[in-house]
Structure formats: C-alpha cells, structure tokens
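Here the structure is a predicted model, which means the values were calculated and not measured. So that the names make sense, note that chain A is the first sequence line, chain B the second, and so on, each numbered from 1.
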Number of protein chains: 2
Amino acid sequence: MEICITSLLRDKGFKVTPQRLAIYNMLASTRSHPNAEMIFNELQAMYPTMSLATVYKTMEILREIGLVQVLNAGEDSFRYDAVMTNHPHVRCTECGQVEDVHDINIDAFVDEVSQGTKYQIMGQQFYFHGVCPTCQHKKIN
Amino acid sequence: MEICITSLLRDKGFKVTPQRLAIYNMLASTRSHPNAEMIFNELQAMYPTMSLATVYKTMEILREIGLVQVLNAGEDSFRYDAVMTNHPHVRCTECGQVEDVHDINIDAFVDEVSQGTKYQIMGQQFYFHGVCPTCQHKKIN
DNA sequence: TTTTTACGGAAAATAATTATTGAATAGTTT
DNA sequence: AAACTATTCAATAATTATTTTCCGTAAAAA
C-alpha cells in the first residue's frame with residue numbers, strides 16, 4: 001500500500017512528501033468521497049500548515065498517476081475517490097452523502113451506447129440522485 | 001411551441017420578456033448543448049443589451065418550470081438542453097462537442113440501481129466520453 | 001555532504017455563478 | 001388616461017471553487 005504510492009510517485013518523477021502520503025492515506029481509508037475542503041479540514045489537525053492549494057495540487061498528481069478518480073456529482077465542487085474501478089455513484093439530495101454503487105454490470109449498457117453512437121467510448125460517469133434509506137425514514141416521522 | 005412557453009411562464013408567475021423567449025428559442029433550435037457563454041455570444045448581436053446574468057437567471061427560471069435541463073458534463077461550466085427526456089450524453093474528447101444518445105433504454109438499468117442501493121432514485125446523469133466518428137477519421141490521416 | 005530540483009504554502013489571481021440594486025416597464029385600479 | 005404597485009432588466013458587486021505565483025525549504029541525486 002504505502003510502498004505502492006511511494007514507488008508510483010517516484011517512478012513518475014514526483015517527490016514523496018508527508019503531505020502527499022497523508023492526503024492519499026486519508027482518502028484511501030474513507031468511504032465518504034470527500035471534496036477538497038473536507039480533505040483539508042480533516043488533515044488540518046494533524047498537519048497544521050496544510051493548505052487548500054496543496055490538496056488541489058496533490059489531487060491533480062494522484063489523478064495523473066491513476067491513484068484517484070475525480071467525481072462530478074452535480075454539485076458545486078468535485079469529490080475524490082481512491083477506488084479506481086469505474087462504478088456509479090448515488091448522491092442523497094437530503095443529506096448530501098455520496099455512496100458507491102457496487103455489484104452492477106455496466107458493460108452491456110456501455111456497448112449499446114458505443115454501437116448506437118459510433119463513438120469510440122473511452123470512459124463514462126454515472127450519477128444517480130435520490131433519497132437514501134435513512135432519509136426516507138426521517139421523512140416519514 | 002411559442003404558446004407553450006408563454007403560458008408556462010405566465011402560469012408560474014413569471015413575466016414573458018423578449019429575452020426569455022429569445023433564449024428559449026435559441027436553445028430549442030440547436031443541438032449543440034451550449035453553455036451560458038455560448039448562448040450569450042449567440043444572442044448578443046440580436047439583443048445588444050443582453051447580459052450573461054440575464055442568461056443565467058433565465059436558465060434558472062426555465063429549469064424551474066421544466067423547460068430545460070442542466071447538463072453537468074464534467075467541464076468547468078454547465079450546458080443546457082431544451083430536450084427534457086432524460087437521455088445520456090457523449091462528449092468527444094478531441095473536438096469537445098456534446099451529443100445526445102437517443103434510442104437507448106435506461107429504465108432497466110435504473111431499476112437495478114434502485115433495488116441494489118435501496119435509494120429512492122429521483123434522477124440520474126449518464127455521461128460518456130470518447131472520440132466521435134469524425135475525429136476518429138481525422139486521427140487516421 | 002553538496003548540489004539540484006521539485007515542493008509546500010500564503011496570498012493573489014481567475015472564472016463561473018449568484019445576489020443586489022436602481023431604473024424601467026407592465027399590470028391594475030381609479 | 002393617470003396613479004399606484006409589483007415585477008423585471010441588466011449592470012455592478014459579491015461569492016465561491018479552483019489555479020497560479022513566488023520563494024524559502026525539503027527531498028533526491030551525485
């Protein structure tokens with residue numbers, strides 16, 4: 001794990017710094033799909049001099065070397081995900097949380113689009129929005 | 001058409017203004033999914049006093065009364081679409097154009113996600129990117 | 001260790017979008 | 001038609017996410 005990001009950074013000519021490791025580790029150990037500000041706030045306690053610009057610059061590098069993907073869930077800011085398998089995301093319009101959608105097969109759907117459009121499809125992003133189970137229950141009360 | 005937007009605006013308590021009609025008509029008669037700036041540039045010749053803010057506010061109203069949908073195609077600005085059926089979009093990474101994906105059935109896919117996540121799905125955005133047929137040919141040359 | 005090079009971080013810059021505001025206009029009542 | 005009221009237009013200013021600049025400093029190479 002640690003070895004992986006370290007050597008990946010080095011191989012691509014980037015330096016291995018405490019900030020970069022901290023940002024990646026934080027992202028890899030959460031399921032909350034934070035945006036830049038959430039990451040910044042989370043790390044500020046441990047790294048008091050951490051700046052937002054560092055978060056942005058680091059995310060750009062991590063994206064470039066294929067360690068994180070950038071999520072555009074229709075909000076006013078981007079979220080980040082250290083899980084690199086391309087899976088859909090659902091956002092709850094009530095509480096704002098963003099979750100992964102696992103165990104769903106998108107290949108047939110992608111093929112259909114590829115054939116229908118004649119595009120050479122390189123990738124895709126699927127975003128759903130709705131109300132999560134928890135918030136559905138809250139609404140009833 | 002014209003009657004439709006006029007009465008829709010009136011019914012919801014919005015005034016019918018030349019700017020609003022012009023913006024909607026421009027959007028309804030293009031397939032290019034413009035963003036606010038493109039709409040603004042297009043209409044400035046005919047409506048010299050048109051401002052970007054007017055475009056944004058008008059789009060907000062049109063969205064509210066259900067005449068346009070807002071596309072978040074992962075770019076740095078929003079695009080708009082007067083076609084209200086919820087269809088996927090493909091963006092060409094070479095030339096940047098955004099096209100509709102028609103004649104594809106998404107219901108089964110949405111149902112599957114709904115059951116898998118237990119979310120009450122209210123909507124979704126499917127966003128593909130790749131290389132359009134025209135740019136594929138250009139690359140060969 | 002020394003040298004080289006990239007990095008971190010504060011602050012300023014940028015760009016998309018939103019809010020505010022005063023003048024103009026439409027709608028309504030008299 | 002005049003007076004009154006409410007709404008809209010569109011310029012300006014404000015806001016917010018993200019990027020860039022710049023320079024002392026830390027990491028990697030020699």
Side-chain angles (χ1 to χ4, degrees), chain A residues 2-3 5-26 33-65 68-80 96 98, chain B residues 5-24 33-65 68-80 96 98:
Chain A
E2 195 73 354
I3 296 160
I5 174 175
T6 297
S7 52
L8 257 171
L9 281 169
R10 265 205 199 101
D11 290 354
K12 304 270 182 172
F14 297 108
K15 290 190 176 166
V16 179
T17 68
Q19 288 88 343
R20 290 177 181 172
L21 295 179
I23 289 172
Y24 179 72
N25 287 335
M26 181 269 180
H33 307 91
N35 59 25
E37 201 176 358
M38 292 163 167
I39 296 171
F40 170 69
N41 289 335
E42 177 98 21
L43 292 176
Q44 207 167 24
M46 205 76 116
Y47 297 81
T49 68
M50 175 79 65
S51 85
L52 253 182
T54 301
V55 175
Y56 281 112
K57 281 188 262 194
T58 300
M59 297 317 301
E60 169 58 25
I61 290 173
L62 293 178
R63 187 194 60 74
E64 194 178 326
I65 65 180
V68 308
Q69 60 175 314
V70 181
L71 308 184
N72 187 334
E75 299 166 296
D76 48 7
S77 64
F78 293 111
R79 289 171 178 262
Y80 302 95
V98 174
Chain B
I5 174 175
T6 298
S7 52
L8 256 173
L9 281 169
R10 275 220 185 87
D11 290 354
K12 302 272 182 171
F14 297 107
K15 291 200 174 152
V16 180
T17 68
Q19 288 89 345
R20 290 177 181 172
L21 294 178
I23 290 172
Y24 179 73
H33 306 91
N35 59 26
E37 200 174 1
M38 292 163 167
I39 296 171
F40 171 68
N41 289 335
E42 180 98 353
L43 293 176
Q44 204 168 25
M46 205 75 115
Y47 297 82
T49 68
M50 175 82 65
S51 85
L52 250 185
T54 302
V55 175
Y56 280 113
K57 278 186 286 193
T58 300
M59 297 317 302
E60 169 58 25
I61 290 173
L62 293 177
R63 187 194 60 74
E64 195 177 327
I65 65 180
V68 309
Q69 59 175 315
V70 180
L71 308 183
N72 187 333
E75 298 165 296
D76 49 5
S77 63
F78 295 112
R79 289 172 179 263
Y80 302 96
V98 173

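Nearest nucleotide to the side chain of B:Arg20, out of C:dA10, D:dT8, D:dA27: D:dT8. Closest to the side chain of B:Glu37, from the set D:dC9, C:dA16, C:dG9, is C:dA16. The B:Tyr56 side chain lies nearest to C:dT18 when the options are C:dT18, C:dC7, D:dA17. Listed nucleotides: D:dA28, C:dT20, D:dT21. Nearest to the side chain of A:Lys57: D:dT21.
Between the OG atom in A:Ser77 and the CG atom in A:Asn72 there is a gap of 9.0 Å [rounded to 0.5 Å].
Projected onto DNA chain C by closest heavy-atom contact, A:Ala53 and A:Ile61 fall at different nucleotides, the more 5' of which corresponds to A:Ile61. The 5' end of DNA chain D is approached more closely, in terms of each residue's nearest nucleotide, by B:Thr54 than by the other of B:Thr54 and A:Asn35.
Rounded to an integer number of Å, the gap from A:Lys12 NZ to D:dA28 C1' is 19 Å. Between A:Glu60 atom CD and C:dC7 atom P the separation is 12 Å, expressed in whole Å. Computed from coordinates, the A:Met50 CE to D:dA26 P distance equals 16 Å when rounded to whole Å. With rounding to whole Å, A:Lys15 atom NZ is found 14 Å from C:dG9 atom P. Distance, B:Ile39 CD1 to D:dA10 P: 15 Å, rounded to whole Å. Separating the CD atom of A:Gln19 from the C1' atom of D:dA27 is a distance of 11 Å, rounded to the nearest angstrom. In this structure, A:Asp11 places its CG atom 11 Å from P of D:dA29, rounding to the nearest Å. For the pair B:Leu52 CG and D:dT12 P, the computed distance is 13 Å after rounding to whole Å.
Among the protein residues, A:Pro18 comes within range of the sugar-phosphate backbone only, with heavy atoms under 4.0 Å from sugar or phosphate atoms but none that close to a base. When heavy atoms are screened at a 4.0 angstrom cut-off, A:Thr49 is found touching the sugar-phosphate backbone but no base atom.
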A:Leu9 vs A:Ile61, side chain to side chain contact (heavy atoms under 4.5 Å, CB included): CA-CA, chis, key distance, verdict: CA-CA 9 Å; A:Leu9 281 169; A:Ile61 290 173; 3.8 Å; yes
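Considering only side-chain N and O atoms, B:Thr17 lies under 4.0 angstrom from the phosphate OP1 or OP2 of D:dC9.
Under the 4.0 Å criterion applied to side-chain N and carboxylate O atoms, A:Glu60 and A:Lys57 are not assigned as salt-bridge partners.
For the pair A:Leu71 and A:Phe78, the minimum side-chain heavy-atom distance is 4.5 Å or more. Taking the side chain as every heavy atom from C-beta outward, B:Glu64 and B:Phe14 approach each other to under 4.5 Å.
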